[in-house]
Amino acid sequence: MPILEHPAYPPATLLCLESLVPCRESQVSMLLSIFGERQQLSFPSIFIYGHTSSGKTYVMKTLLNTLQQLPHVFVNCVECFTSRLLLEEILIQLQNHSSETRRASPVPCDTFNDFVRLFKQALVSQNLQDQTVLDRAEQLREMEANILPAFLRLQELTDRNVTVILLSEIVWEMFRPNTGCFEPFILYFPDYSIGHLQKILSQNHPPEYSADFYSAYINILLGVFYMVCRDLKELQHLAALNFSKYCEPVVRKEAKERDTRKLWKNIEPHLKKAMQTVYLREISSSQWERLQCEEGELGQIKGLSAHAHVELPYYSKFLLIAAYLASYNPVRTDKRFFLKHHGKIKKTNFMKKHEKTSNHLLGPKPFPLDRLLAILYSIVDNRVAPTANIFSQITSLVTLQLLSVVGNNDQLDGPRYKCTVSLDFIRAIARTVNFDIIKYLYDFL
């Protein structure tokens, strides 16, 4: 029985729309009710929000494209990052809506008053009733103060049946100006549950395999990745990337489609390795597949992160090594490791009761900036001046989340950092600069 019902559209169109937007039927039904019939006055503005990959943009594009009676303009506010670009893009799309020759030159539009005048002319000349959709609408907050309130009242300003739809990842309270504005109709898109993801991903099964076989694969995939990744686009990418490995025993006739245990044992190492690179695109999908095919033993698949090591600048590698040493070595051991004439100091002389546990098991400890630079000057062969370039590289390592800032920025004794990379990662980094980091780690004495 169809879920979507509307008197203005034929049942076949609504049934097609329902199949295109699975697990979003309640939101689509609400939008259809708000739009009403073509001759009816719609709500002036609608604010749709939800987390990343919750289907906001896809549902709106599918809804407006499937229902041909709804002419619309769809604009991404990240691409149109100024008010003039935004207004001109809307006018260009509006003028190209029913014209056979597409117009690429911008329509001069300096103010919102000019936009309202040109907007009304375009609607009258083409006899349109428009839906204007602004994707990534949070960018409107960075534009002039009058842009957002004016868009919310566009129906009133133009005296036309126009609805402005704002799509955003943040709540309306972050948008509302201090001076007040027209309140839009607010619609929330919740995150997909694991059942919804299972249903959506299972629809893309290859025709040469049964739906049950692909559904079992998606169930295994979600069992591994659901706790660390709920982004539908990323899960679709992972499903397409690893499905060939899942099918290998069936292709080689070593297992049947119902031998779930054999199929799981074959795919498990690859899914665990892929979990280390979720959201990362360090190499292409074809290179990832080639790497997996070239490996002889499944348990020794090369980590993708090794490919990113060469991308760090030369001194950034030494900065990261120095940060790792500062995080995992006690302060009192710096003299032993980094002074030439320190004398013979045994490890037992350094041990206290709380130091008998491995520092790698306790985790990284914060360190001040001056200690990081002191270790850096000791491990680099040539003299490194404390220039702005060195400090900017420290900031870059923080941005890349290889280092993390500990505490507040208003500390009087300067910033404190903590190294967040693993031992395998830093050993791979050290190998690229011919530095034996194990000799400088207190836990490995």
Side-chain angles (χ1 to χ4, degrees), residues 31 35 42-50 52-53 55-170 172 174-175 177 181-182 184-185 187 189 233:
L31 288 170
F35 293 162
S42 180
F43 205 86
S45 53
I46 303 171
F47 182 82
I48 300 175
Y49 73 101
T52 304
S53 194
K56 305 180 297 295
T57 304
Y58 171 76
V59 167
M60 285 308 308
K61 283 186 175 181
T62 305
L63 174 63
L64 296 173
N65 290 329
T66 305
L67 306 179
Q68 300 294 335
Q69 300 181 28
L70 296 177
H72 61 278
V73 172
F74 209 102
V75 181
N76 190 318
C77 295
V78 174
E79 299 173 358
C80 304
F81 50 89
T82 66
S83 58
R84 177 167 182 169
L85 288 174
L86 177 63
L87 301 179
E88 290 178 352
E89 179 63 23
I90 294 174
L91 293 174
I92 290 174
Q93 290 193 33
L94 191 61
Q95 293 180 357
N96 292 335
H97 193 273
S98 61
S99 59
E100 295 180 358
T101 58
R102 296 188 62 83
R103 178 174 179 176
S105 59
V107 183
C109 182
D110 296 321
T111 65
F112 207 90
N113 287 335
D114 295 337
F115 171 75
V116 171
R117 175 176 53 83
L118 297 170
F119 192 88
K120 291 171 68 174
Q121 291 177 3
L123 291 183
V124 171
S125 63
Q126 301 184 25
N127 192 23
L128 293 177
Q129 294 172 330
D130 188 59
Q131 313 279 347
T132 302
V133 183
L134 301 178
D135 194 10
R136 302 297 295 274
E138 55 267 15
Q139 301 298 322
L140 295 177
R141 301 181 302 164
E142 308 297 331
M143 299 182 185
E144 290 83 347
N146 68 316
I147 295 295
L148 178 59
F151 268 121
L152 295 175
R153 306 184 77 96
L154 187 60
Q155 187 180 102
E156 177 184 342
L157 295 173
T158 59
D159 195 22
R160 297 291 186 272
N161 189 8
V162 178
T163 298
V164 175
I165 304 172
L166 307 176
L167 306 182
S168 177
E169 296 177 4
I170 60 178
W172 169 247
M174 302 291 291
F175 276 80
C181 65
F182 181 82
F185 181 87
L187 182 60
F189 273 50
K233 294 178 182 177

Note to self: I'd like to know whether Leu166 forms a side-chain contact (heavy atoms from CB on, under 4.5 Å) with Leu148, so could you lay out the CA-CA distance, the side-chain angles of the two residues, the decisive distance to 0.1 Å, and finally the verdict.
What the structure shows: CA-CA 10 Å; Leu166 307 176; Leu148 178 59; 3.9 Å; yes
Next item on the list: Let me know which of Phe151, Phe185, Phe182 forms a side-chain contact (heavy atoms from CB on, under 4.5 Å) with Ser45.
Entry: Phe182
Notebook entry, point to check: For Leu167 and Phe189, what are the C-alpha separation, side-chain angles and deciding distance, and is it a side-chain contact (heavy atoms from CB on, under 4.5 Å)?
Noted result: CA-CA 10 Å; Leu167 306 182; Phe189 273 50; over 6 Å; no
For residues 75-82, dump all side-chain donor-acceptor pairs below 3.5 Å to protein atoms at least two apart in sequence or in another chain.
from: Asn76; atom 1: OD1; to: Val78; atom 2: N; distance (Å): 2.8
from: Thr82; atom 1: OG1; to: Leu85; atom 2: N; distance (Å): 3.3

Margin query: Just verifying a value: how many Å separate Ile165 CD1 and Leu63 CG, rounded to the nearest 0.5 Å?
Written below: 8.0 Å
Check: Can you tell me how far CG of Leu152 sits from CD1 of Ile147, rounded to the nearest 0.5 angstrom?
Finding: 11.5 Å
Check: Is there a side-chain contact between Leu94 and Thr132, using heavy atoms and a 4.5 Å cut-off?
Finding: no
Margin query: Taking side-chain contact (heavy atoms from CB on, under 4.5 Å) as the criterion, tell me which of Glu88, Met143, Glu142 meets it with Ser83.
Written below: Met143
Check: Any side-chain heavy atom of Ile48 sitting closer than 4.5 Å to one from Val59?
Finding: no
Note to self: With heavy-atom distances below 4.5 Å as the criterion, would you say the side chains of Leu154 and Phe115 are in contact?
What the structure shows: yes
Check: Is there a side-chain contact between Asp114 and Leu87 (heavy atoms, below 4.5 Å)?
Finding: no
Notebook entry, point to check: Is the shortest heavy-atom distance from the side chain of Arg136 to the side chain of Thr57 under 4.5 Å?
Noted result: no
Next item on the list: Any chance you could measure Leu91, atom CG, to Leu86, atom CG, to the nearest 0.5 Å?
Entry: 9.5 Å
Next item on the list: Check the pair Phe119 / Leu157 against side-chain contact (heavy atoms from CB on, under 4.5 Å), numbers first and verdict last.
Entry: CA-CA 10 Å; Phe119 192 88; Leu157 295 173; over 6 Å; no
Next item on the list: Would you check if Arg141 and Ile170 make a side-chain contact, meaning some heavy-atom pair closer than 4.5 Å?
Entry: yes
Notebook entry, point to check: Do any N or O atoms from the side chain of Lys56 and from the backbone of Gly50 form a donor-acceptor pair under 3.5 angstrom?
Noted result: yes
Next item on the list: Hey, can you tell me if Trp172 and Phe175 have their rings parallel, tilted or perpendicular (30° and 60° cut-offs)?
Entry: parallel
Next item on the list: Might you work through the side-chain contact (heavy atoms from CB on, under 4.5 Å) test for Val73 and Glu89, ending with a clear yes or no?
Entry: CA-CA 9 Å; Val73 172; Glu89 179 63 23; over 6 Å; no
Margin query: Let me confirm one number: the CD-CD distance from Gln95 to Gln121, rounded to the nearest 0.5 Å.
Written below: 9.0 Å
Note to self: Keeping Gln93 on the side-chain end and Phe74 on the backbone end, is there a donor-acceptor pair under 3.5 Å?
What the structure shows: yes
Note to self: When you compare the side chain of Leu31 with that of Met60, does any pair of heavy atoms fall below 4.5 Å?
What the structure shows: yes
Margin query: Please give me the minimum heavy-atom distance between Ala145 and Pro149, naming the atom from each residue.
Written below: O-CD, 3.2 Å
Next item on the list: Check for a donor-acceptor pair, side chain of Thr163 on one end and backbone N or O of Phe43 on the other, with a separation under 3.5 Å.
Entry: yes
Checklist line | side-chain contact (heavy atoms from CB on, under 4.5 Å) against Thr62, all qualifying residues, sequence neighbours excluded | finding: Leu17, Leu20, Val21, Tyr58, Thr66
Notebook entry, point to check: Counting N and O atoms only, with roles assigned by atom type, does the side chain of Gln155 sit under 3.5 Å from a partner on the main chain of Ser42, one being a donor and the other an acceptor?
Noted result: yes
